[in-house]
2 protein chains.
Amino acid sequence: MGEKPRRLTRQQQAVSDILDARGDFRSAQEWHAALKDDGSPVGLATVYRTLQSLADAGRIDVLRTAAGESLYRACSAGHHHHLVCRECGRTVEISAGEVERWAVATATAYGFTAVDHTVEIVGCCAPCSVRTPEGAREDA
Amino acid sequence: MGEKPRRLTRQQQAVSDILDARGDFRSAQEWHAALKDDGSPVGLATVYRTLQSLADAGRIDVLRTAAGESLYRACSAGHHHHLVCRECGRTVEISAGEVERWAVATATAYGFTAVDHTVEIVGCCAPCSVRTPEGAREDA
DNA sequence: AGCGAACATGAGAATCATTCTCAATCAGCG
DNA sequence: CGCTGATTGAGAATGATTCTCATGTTCGCT
Ligand SMILES: [Zn+2]
Ligand SMILES: [Zn+2]
Ligand SMILES: [Zn+2]
Ligand SMILES: [Zn+2]
């Protein structure tokens, strides 16, 4: 929904660049901090604006944490989903024609049009599984 | 993460009841208002608390809107997903062993454990598709 | 029935990510 | 170089959710 910028500024470059450099998912606030550390400080508001237009343009991926924070990451073009480690954030891009087809077919079967979907898989990656032996989860 | 209440109070009943009565997805704030209209006012904080424990207990479903609001709805027990109309909110519960298997298989293939997933399909239901003839969407 | 401790409620304050405001700055152009 | 409108950013505003804590309930116990 954000307007796409008509001018290319140092700030937009900086945001775009750092996303390409590092490859992981981070919140807008974290990217803002990372940019300051990198010596290319960009205002928080601008980080949000730029991240949004990049997302609108399909240049980066967005995903929401359970806590409601948005995470942004540079990613390959085209439609795909993610497998994310809930401990360390490690991410794997996955595509699944199988699921794509299922989504459309199911929606269509119920008379829905303009179908869109969300598919995310979260788990504990191998390295983290070792660090968190089996049932050492902190719930009941 | 919320503690499950050890006492059953009028307020908890009221929340649980109205969710069963109406069947659609609503935000905590909307349920709060609905309860007041129904003549069984319940404090907003308590609505949030109750909704959360019901969700923790798996008695109701939660889903987040693009705007980051949480919507709650009474729903059948057991794991399932939703097909939601982005215009009117009409919802269809769907289950898909096919997708469940795919999620686990994919995650496992990458060494992930404690796998969980999110799958939502949004679209425009038949009635709404008629009201919004083809490309009458309000963008660009 | 009468008490008291443990638990639940709710009004309002506090959080906190995100968005908005708008004066100062800058990119692009002639 | 000098314009001019797009862009920036510090700080205020927003808004859903959570927290605080004084007050109201519940329930076991006598
Ligand atoms: Zn991990
Ligand atoms: Zn897909
Ligand atoms: Zn509809
Ligand atoms: Zn599932």
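Reminder, nothing fancy here: chain letters follow the sequence lines and each chain counts from 1.
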Atom-pair distance (CG on Leu44(B); P on dA14(C)), nearest Å: 17 Å
Name the nucleic acid region contacted by Ser27(B), choosing base, sugar-phosphate or nothing; use a 4.0 angstrom heavy-atom cut-off, strictly under. nothing
Can you check whether Cys124(A)'s main-chain N or O pairs, donor with acceptor, with Ser129(A)'s side chain at less than 3.5 Å? yes
How long is the line joining CD of Gln13(B) and P of dT25(D), in whole Å? 17 Å
Heavy atoms from C-beta onward define the side chain here; which of dG10(C), dT8(D), dC26(C) lies closest to that of Gln11(B)? dG10(C)
Quick one: label Gln12(A) by what it contacts on the DNA or RNA (base, sugar-phosphate, nothing), any heavy atom closer than 4.0 Å. sugar-phosphate
Indicate whether OP1 or OP2 belonging to dT18(D) is found under 4.0 Å from a side-chain N or O atom of Gln52(B). yes
Tyr72(A) has an atom OH; how far is it from atom C1' of dT18(C), in whole Å? 8 Å
How are the rings of His117(A) and His81(A) set relative to one another: parallel (under 30°), tilted (30 to 60°) or perpendicular (over 60°)? tilted
Name the closest nucleotide to the Tyr48(A) side chain, picking from dT9(C), dC26(C), dT19(C). dT19(C)
Is the distance from OP1 or OP2 of dT8(D) to the nearest side-chain N or O of Thr9(A) less than 4.0 Å? yes
In whole angstrom, what separates His32(A)'s NE2 from dC16(C)'s C1'? 15 Å
If I compare all heavy atoms of Val62(B) with all of Ser70(B), which pair ends up nearest, and what's the gap? CG1-CB, 4.2 Å
Roughly, in whole Å, what's the span from CZ in Arg10(B) to C1' in dT25(D)? 12 Å
Quick check for you: among dA6(D), dT26(D), dT18(C), whose closest atom lies nearest to any side-chain atom of Arg7(A)? dA6(D)
Considering only dT21(C), dC19(D), dT18(C), which nucleotide approaches the side chain of Arg49(A) most closely? dT21(C)
Measuring to OP1 and OP2 of dA17(C), would you say a side-chain N or O of Ser70(A) lies under 4.0 angstrom away? no
Using whole Å, report how far CG of Leu51(A) lies from P of dT8(D). 13 Å
Going hydrophobic residue to hydrophobic residue with side-chain gaps under 4.5 angstrom, can you get from Val119(A) over to Phe112(A)? yes
Tell me the interatomic distance from Leu54(B), atom CG, to dA8(C), atom C1', rounded to whole angstroms. 15 Å
Tell me whether the count of non-hydrogen atoms from other residues, nucleotides or ligands lying under 6.0 Å of CZ in Arg64(A) goes above 12. yes
Between dT19(C) atom P and Gln29(A) atom CD, what is the distance in whole Å? 11 Å
Tell me which of Pro41(A) and Glu69(B) sits closer to the 5' end of DNA chain D, going by the nucleotide each one is nearest to. Pro41(A)
